[in-house]
Amino acid sequence: MSETNSAAEVAAPHRYTAAVAADIEARWQDFWDANGTYEAPNPSGDLAGDPAVAARPKKFIMDMFPYPSGAGLHVGHPLGYIATDVFARFQRMTGHNVLHTLGFDAFGLPAEQYAVQTGTHPRASTEANMVNMKAQLRSLGLGHDKRRSFATIDPDYYKWTQWIFLQIFNSWYDEDAKKARPIAELVAQFESGERAVPADETGTTRAWTALTPAERAEVLGDYRLAYASDAPVNWCPGLGTVLANEEVTADGRSERGNFPVFKSKLRQWNMRITAYADRLIDDLDGLDWPDAIKLQQRNWIGRSEGARVDFPVGTEGDAITVFTTRQDTLFGATYMVLAPEHELVDKIVPAAWPEGTHEVWTGGHASPAEAVAKYRAFAASKSDVERQADAKEKTGVFTGAFATNPVNGEQVPVFIGDYVLMGYGTGAIMAVPAGDQRDFAFARAFELPIHCVVEPTDGRGTDTSTWDDAFGAYDAKLINSANDEISLDGLGVVEAKAKITDWMAAQGIGEGTVNFRLRDWLFSRQRYWGEPFPIVYDEDGVAHSLPESMLPLELPEVEDYSPRTFDPDDADTSPETPLSRNEDWVNVTLDLGDGPKRYRRETNTMPNWAGSCWYELRYLDPHNSEKLVDPAIEQYWMGPREGQPTGGVDLYVGGAEHAVLHLLYARFWSKVLFDLGHISSAEPFHKLYNQGMIQAYVYRDSRGFPVPAAEVEERDGQYFFEGEPVKRELGKMGKSLKNAVTPDEICAEYGADTLRLYEMAMGPLDVSRPWDTRAVVGQFRLLQRLWRNVVDEASGAVTVTDAEPDDATLRALHKAIDGVSQDLEGMRFNTAIAKITELNNHLTKSGGAVSRSVAERLVLLIAPLAPHVGEELWRKLGHTSSVVHADFPVADPAYVVDEAVTCVVQIKGKVKARLEVSPSISDEELEKVALADEKVVAALDGAGIRKVIVRAPKLVNIVPA
RNA sequence: GCGGCCGUGGCGAAAUGGUAUACGCGAGGGCCUUAGAAGCCCUUGGGCGAGAGUCCGUGAGGGUUCGAAUCCCUCCGGCCGCACCA
């Protein structure tokens, strides 16, 4: 406290000041901890409590848990935590059993990079960071059930992450039942012959019992929901690890670190999330999520309906299978394009160019093989950025081969081109240049025929040589599309699609199908700081899962945990796992049920998303050593119920940046666990809410470098730092931009309650807005005036009276109760605070002592938002139990309406008069009063009346003749 | 390029078909004070007017309606997502 303030303290020793705030906040935080105020009872088990509380309707209110970053918190971080806390407190006061807690997502790259920078073990630095963050969060007065908190790095937690991995590993997706089933049931089907064993590479089929263990493992690998494969993966030399598609940006760089990412064939673990593509889309319908996030997930999964069509090629009965969404335009397919790396390319390339091959097609190369090799090298040399920049210009080369268009027998040339992506569909397309802009551009570049099969509706005519672009509108009719057996001519697109699809199926040349953009989830990383895979390999290289009794498989203590990174631009590198450096840990003798044998451990670790895929479940039953979660407890908190048929967390708050990463992975794991009968909800999060970001002004000097925002001065709309003018822009808050404001400094200046109120009052929770330290004082003043309405600043005595409040005050009170209740329920915290402020201002202006009944209800209204002041004033008002579990006030409808309301009288929509009328006035009566009003009569000036619109009691609008 | 969201006082914002600017910041004035970066009170969208008043006003233009910040169309500006997805 500065010296100048001490004079004020002498004059008003019991005023609400920062010192008072600090005192009561520390006191109540200790009280809450000591009394377990925020502990939510489970219906059974070690966290069971008051059965009466457990019998209440439940609310599970959750935040996206934080990384324990070394940088500490700035005021932007706790925005969501404060919001869920306010909401949770309101729910507690309205008769709910509220589960609200917070853990830490502590594995992963950031924690590891920080540890490497500081030269400490990741566990040590992570745990130190968690201690700091917990202290910062505790000082905000967040009401968490601390018994349920954990970190994903706790062996007791990741034991179950590993257990779930094994559940997924030991499952397959039954396409008929549309659900995951234990792999043992698949083995039984193979053994009994109920299901045929798939043919091997040579095309021969053998009985299950005739296969070696390694062969069986290979067959099962094609079914398991977690499997190792040699597919091309995203290899990031700069980070020294492979990455999931979701972690690679659109321009082919790592989301973290912004290093180049290369496609490389490496044996890696994958999760068969594609098996759930349909369900992941369909189940979005039942979720209460922002439309924007649902849309992002739908786009990411990318479901499109179309057909697979086989185009015969070569002499050995091969066919190029394409995926198309426009099978109706098959008659217009005049060439084909394969992705450069398509496996059929080498097989179909002839020794020499066919007679008379166009020079444009050969690219000037002597042979097809040379042309293909050169083009492949060219395509591979292009980064994704370049490839996309060149998107308008279509490149490719003729393979020398022709395929047969199955609907008209035409021989169509087969090209390779990098505008066809190996990772989508079948990696091959039929090109319909008349209908597709990309095919059109390619056809023009290579002088390929363009057949019009959809009649243009824009007057351009059917002579494609005059066209500037493709035409493929859905509302047009097919033409030139008939053979001896089928005609699509005259049909609309939709009917034509249906007809040709049926015909192709009957002919055995194609079938209707659904294609997804979603790829399987690459699940292994070359990192130390992650969950080890509970997998060992025998001498034949066959993967075995560890039995549950060997979990958790703990991370070994190693000397060197840093990742092996490379020159970020050097694609000719391959990953090295830190765990492989520890031979003693890697090579082990284990008894997996058939006697002690030598095994080699898997040395990859899981991605940092693993721990966050299921943490909501562990909050429910965090100490259970027998099970992931007790079924009865899981059912209680997560189970489907009326109005929430999918079940799940009642409210999940976090940033929109997790739209397709965490939220998709977590949904996937939930569905697997649901299918296997471990949990009762197939969706983890029923309601999702994305909070906005707290932004901050960034001030840059003439060189563009950020200067410390706290030291910038404003004069007449200009900004100066050390006398020099600086430019202001809006950006993120953070240390690097020198504009971070910490909750600690705001708490020291005003207290946590003020910080909470300010963050909630800034604006709607889902909108981003700039932080303004100067404006924080407004919420401090609210608390000060509230305090003054209850406590005498000179004596500290409670000043409330037992006299009945006057009518105007009662109406102000009940309107506030009504509005605040609705606003809190709807998470409109900013307007809730405005209504509390209005009520408090009314009491201040009324003068004299406030009635006890009004003061108490005002305290209850603000308690969820400012819990320390709430507790303190509640106690001062004579209550001995915590305000946390007090009942939220209920509005009396009789006082929610005003005694008299102002009715506006408009003429042609312009306000001409205001009348004080009863809220219950009838339309007829109001019209009579309005028309008799002298101002209205004067404004009408004798004009006749055409029409009168009456909306009693607020409005009358007169339309003169 | 495609899709989505959003433009309201000096600033954060309220009002989602019915009195535009609630609530807060800032600013101006006053009280208190030796002093005020504390606290309290008043004023605060713009124009005209001494005043009562009156006209204009929600990015721009148009439309629907008795009535539009709100619904529709076109344009301008900003933010976000996806991006050769067949």
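Every heavy atom of this structure was used, including side-chain atoms; hydrogens, water molecules and symmetry mates were not. Throughout, a chain's letter reflects where its sequence line sits, starting with A, and its residues are numbered from 1.
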Q. Which of the following nucleotides, B/A86, B/U19, B/C66, is nearest to the side chain of A/Thr902?
A.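 Closest nucleotide to the A/Thr902 side chain: B/U19.
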Separation of atom [atom1] in [X] from atom [atom2] in [N], rounded to whole Å:
X: A/Arg517; N: B/C85; atom1: CZ; atom2: P; answer: 11 Å
X: A/Trp787; N: B/C40; atom1: CH2; atom2: C1'; answer: 20 Å
X: A/Asn789; N: B/C40; atom1: CG; atom2: P; answer: 11 Å
X: A/Leu730; N: B/C80; atom1: CG; atom2: C1'; answer: 15 Å
X: A/Arg308; N: B/A86; atom1: CZ; atom2: P; answer: 13 Å
X: A/Phe780; N: B/G39; atom1: CZ; atom2: P; answer: 7 Å

Q: Could you classify B/G9 for me, syn or anti, using a glycosidic angle within 90° of 0 as syn?
A: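 For B/G9, whose glycosidic angle is within 90° of 0, the conformation is syn.
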Q: Could you list all the salt bridge (Lys or Arg N to Asp or Glu O under 4.0 Å) pairs where at least one residue sits in residues 321-331 of chain A, not counting sequence neighbours?
A: A/Arg326-A/Asp328
Q | Of all pairs that satisfy salt bridge (Lys or Arg N to Asp or Glu O under 4.0 Å), the ones with a partner from residues 427-436 of chain A, not counting sequence neighbours | A |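 Output for this query lists A/Asp436-A/Arg438.
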Can you pull every protein N or O that's under 3.5 Å from an N or O on nucleotides 67-72 of chain B?
none

Q: Tell me which residues in residues 814-831 of chain A put a heavy atom below 4.0 Å from RNA chain B, sorted by number, or none.
A: A/Asn830, A/Thr831
Q: Return the residues of residues 416-429 of chain A meeting this criterion: a heavy atom under 4.0 Å from some atom of RNA chain B. Order them by number, or give none.
A: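 Under 4.0 Å from RNA chain B: A/Asp418, A/Tyr419, A/Val420, A/Leu421, A/Tyr424, A/Ile429.
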Output one line per pair: protein atom, nucleotide atom from nucleotides 24-26 of chain B, and distance, for all N/O pairs under 3.5 Å.
unit_1: B/G24; atom_1: OP1; unit_2: A/Asn841; atom_2: ND2; d: 3.1
unit_1: B/C25; atom_1: OP1; unit_2: A/Arg781; atom_2: NH1; d: 2.5

Under 4.0 Å between any heavy atoms, over every strand shown, what does [X] touch: base, sugar-phosphate, or nothing? Just pick one.
X: A/Val904; result: base
X: A/Arg788; result: sugar-phosphate
X: A/Thr844; result: sugar-phosphate
X: A/Gln784; result: sugar-phosphate
X: A/Lys394; result: base

Q. Using Watson-Crick and G-U wobble pairs whose two distances are both under 3.5 Å, how do you write the pairing of RNA chain B as dot-bracket, with | for links to another strand?
A. (((((((..(((.....[....)))((((((.......))))))((((....))))..(((((..]....))))))))))))....
Q) What orientation do A/Tyr419 and A/Phe442 show, parallel under 30°, tilted 30 to 60°, or perpendicular over 60°? A) tilted
Q) Looking at residues at least two apart in the chain, or sitting in another chain, which of them share a side-chain hydrogen bond (donor to acceptor under 3.5 Å, both in side chains) with A/Asn957? A) none
Q: For A/Trp771, enumerate each residue passing the ring pair (Phe, Tyr, Trp, His ring centres under 6.0 Å) test, keeping only those at least two apart in sequence or located in another chain.
A: A/Tyr758
Q: Return the set of residues passing ring pair (Phe, Tyr, Trp, His ring centres under 6.0 Å) with A/Phe440 (not counting sequence neighbours), or none when no residue passes.
A: none
Q: Sequence neighbours left out, what passes side chain to side chain contact (heavy atoms under 4.5 Å, CB included) with A/Lys908? Give chain and number order.
A: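 Residues passing side chain to side chain contact (heavy atoms under 4.5 Å, CB included) with A/Lys908: A/Pro960.
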Q: With sequence neighbours left out, write down each residue that passes side chain to side chain contact (heavy atoms under 4.5 Å, CB included) with A/Glu341, or none if nothing qualifies.
A: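 Once residues adjacent in sequence are excluded, the partners of A/Glu341 under the side chain to side chain contact (heavy atoms under 4.5 Å, CB included) criterion are A/Ala339, A/Met422.
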